[in-house]
Number of protein chains: 2
Amino acid sequence: MKQEKELYRDFLRSKNLKLTKPRLIIMEAVFENHEHFNVDDLYEQIKKKHKNVSRATIYRTVPLLVESGLIKQSLRCESKDIYEHTYGHENHLHFICENCGKIIESGFSEVANLIDTLAEKENFKISEYNLGARGFCKDCQK
Amino acid sequence: MKQEKELYRDFLRSKNLKLTKPRLIIMEAVFENHEHFNVDDLYEQIKKKHKNVSRATIYRTVPLLVESGLIKQSLRCESKDIYEHTYGHENHLHFICENCGKIIESGFSEVANLIDTLAEKENFKISEYNLGARGFCKDCQK
DNA sequence: ATTTTATTGAGAATGAATCTCAAATGCATA
DNA sequence: TATGCATTTGAGATTCATTCTCAATAAAAT
Ligand SMILES: [Mn+2]
Ligand SMILES: [Mn+2]
Ligand SMILES: [Zn+2]
Ligand SMILES: [Zn+2]
């Protein structure tokens, strides 16, 4: 069985939550898709194969996936929260093009190390980094 | 006349926008307050002195203040967009406590320099940094 | 002062996210 | 495998930050 499925199952069990069919379908869909996504994207993707998973359940499940460490919330886009699966992927930061919406991924660890140093000075315990920038990609600088 | 007022006036003129009473009241309120704020905070603050500035006008004016460079949008908090006046202030990044909501400001330039280097590699032109982290402040680590 | 044009306030509309609740399901136990 | 109970689900209603509409008003240009 895939790593992420085991991790998910263990996470749910550790919180006394049931491994239900919708929860499994949602988790699998998240790993089938390698793009950044919002809840509606995910809903549309799932609907193709499984008629009976509701938006409400996706809205309820996404925070569980975040808490389990399988996915991360990313910068919001068009006033919707966006996510990406991160389990098994290098941490990275995002450059978002304000013109075409393209998301460019870039390094992370150097930046994270620096932030860690600053956080330590403040006795702040980081649970989630929020690193990136908005601007214009190569193609949109006319 | 204060620097920021001149800058604002010039900005508005350059976009053929009128320097109206509400626009002036809103801009002044933003610089009277030295905290991070959301639109509703600002509305309540303004209402104390000026009865006739509507939420709609504040919602319309805040993006102008952002575009003029007088204020910046910061991390959102409790599903509301939050802002701070930044004109005349050092750039800085934010650590936000997930428990008590406290916002801690910290250095910036080292991090920004690093990000600049990464952005350059991608030919990405940054217009706004998004730098910070969520986690737990000194007092909330029990 | 008159004309032109942008802006305003008030309330309606939008839409992402959350909530409600009766019906369905997972899972522990016998 | 069948039973019992707590959790979860789908569907739709609700919330609430933000945006929009539009007739009335105010700023600037003439
Ligand atoms: Mn990414
Ligand atoms: Mn700040
Ligand atoms: Zn672009
Ligand atoms: Zn705290």
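Lettering of chains follows the sequences in order, A, B, ..., and the numbering in each one begins at 1.
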Nearest whole angstrom, please: distance from the P of C/dA10 to the OH of B/Tyr43. 8 Å
Mind running side chain to side chain contact (heavy atoms under 4.5 Å, CB included) on B/Lys47 and B/Val53 for me, showing each step along the way? CA-CA 7 Å; B/Lys47 200 167 59 175; B/Val53 178; over 6 Å; no
The complete set of ring pair (Phe, Tyr, Trp, His ring centres under 6.0 Å) pairs with one or both residues in residues 38-76 of chain B, sequence neighbours excluded, reads none
Can you pull the salt bridge (Lys or Arg N to Asp or Glu O under 4.0 Å) pairs that have at least one residue in residues 52-64 of chain B, sequence neighbours excluded? B/Asp40-B/Arg55
Looking only at side chains, do B/Ser74 and B/His94 share a donor and an acceptor under 3.5 Å apart? yes
How long is the line joining CG of A/Leu64 and P of C/dT18, in whole Å? 12 Å
Heavy atoms from other residues, nucleotides or ligands near CD of B/Glu44 exceed 12 (cutoff 6.0 Å): yes
Can you list the residues that meet the side chain to side chain contact (heavy atoms under 4.5 Å, CB included) rule with B/Asn123, with sequence neighbours excluded? A/Lys138
Distance-minimising heavy-atom pair for A/Gly69 and A/Thr86: O-OG1, 4.0 Å
Got a donor-acceptor contact below 3.5 angstrom from the B/Thr61 side chain to the B/Ile58 backbone? no
B/Lys18: partners by side chain to side chain contact (heavy atoms under 4.5 Å, CB included), with sequence neighbours left out: B/Thr20, B/Arg23
Of all heavy-atom pairs linking B/Leu42 and B/Ala29, the shortest is CD1-CB, 3.9 Å
Atom CG of B/Asn16 and atom C1' of C/dA6 are separated, to the nearest Å, by 10 Å
Listed once per pair and sorted, the ring pair (Phe, Tyr, Trp, His ring centres under 6.0 Å) pairs that draw on residues 66-90 of chain B, sequence neighbours left out: B/Phe31-B/His85, B/His34-B/His85, B/His85-B/His89
Please report, rounded to the nearest Å, how far the C1' atom of C/dT25 is from the CG atom of A/Asn52. 14 Å
Taking only residues at least two apart or on different chains, which pairs with a member in residues 104-142 of chain A satisfy ring pair (Phe, Tyr, Trp, His ring centres under 6.0 Å)? A/Phe108-A/Tyr129, A/Phe124-B/Phe95
State whether A/Glu6 and A/Arg9 are salt-bridged, where the test is any N-O pair (Lys NZ or Arg NE/NH1/NH2 against Asp/Glu carboxylate O) under 4.0 Å. no
Considering only nitrogen or oxygen atoms on both sides, find all protein atoms under 3.5 Å from nucleotides 1-3 of chain C and state each distance.
none

Looking at residues 25-37 of chain B, who's got a heavy atom less than 4.0 Å off DNA chain C? none
For each nucleotide in nucleotides 17-23 of chain D, reading 5' to 3', give B when a protein heavy atom comes within less than 4.0 Å of its base, S when such contact involves only the sugar-phosphate, and - otherwise. SBBBB--
Nearest-Å distance for atom pair CG/C1', residues A/Leu12 and D/dT8: 12 Å
Donor-acceptor contact below 3.5 Å, side chain B/Asp41 vs main chain B/Asn38: yes
Sorted by chain and residue number, the side chain to side chain contact (heavy atoms under 4.5 Å, CB included) partners of B/Leu114 (sequence neighbours excluded) come out as A/Glu110, A/Val111, A/Leu114
Interatomic distance where CG belongs to A/Asp41 and P belongs to C/dA17 [whole Å]: 11 Å
For nucleotides 26-30 of chain C, give me every protein contact, N/O to N/O, under 3.5 Å, one pair per line with atom names.
residue : atom : partner : partner atom : Å
C/dG26  : N2   : A/Lys18 : NZ           : 3.4
C/dG26  : N3   : A/Lys18 : NZ           : 3.3
C/dC27  : OP1  : A/Leu19 : N            : 3.2

Which angle, to the nearest 10 degrees, lies between the helix axes at the two ends of the helix from C/dA1-D/dT30 to C/dA30-D/dT1, each defined by five pairs? 40°
Between the side chain of A/Glu128 and the main-chain N/O of B/Ala133, is any donor-acceptor distance below 3.5 Å? no
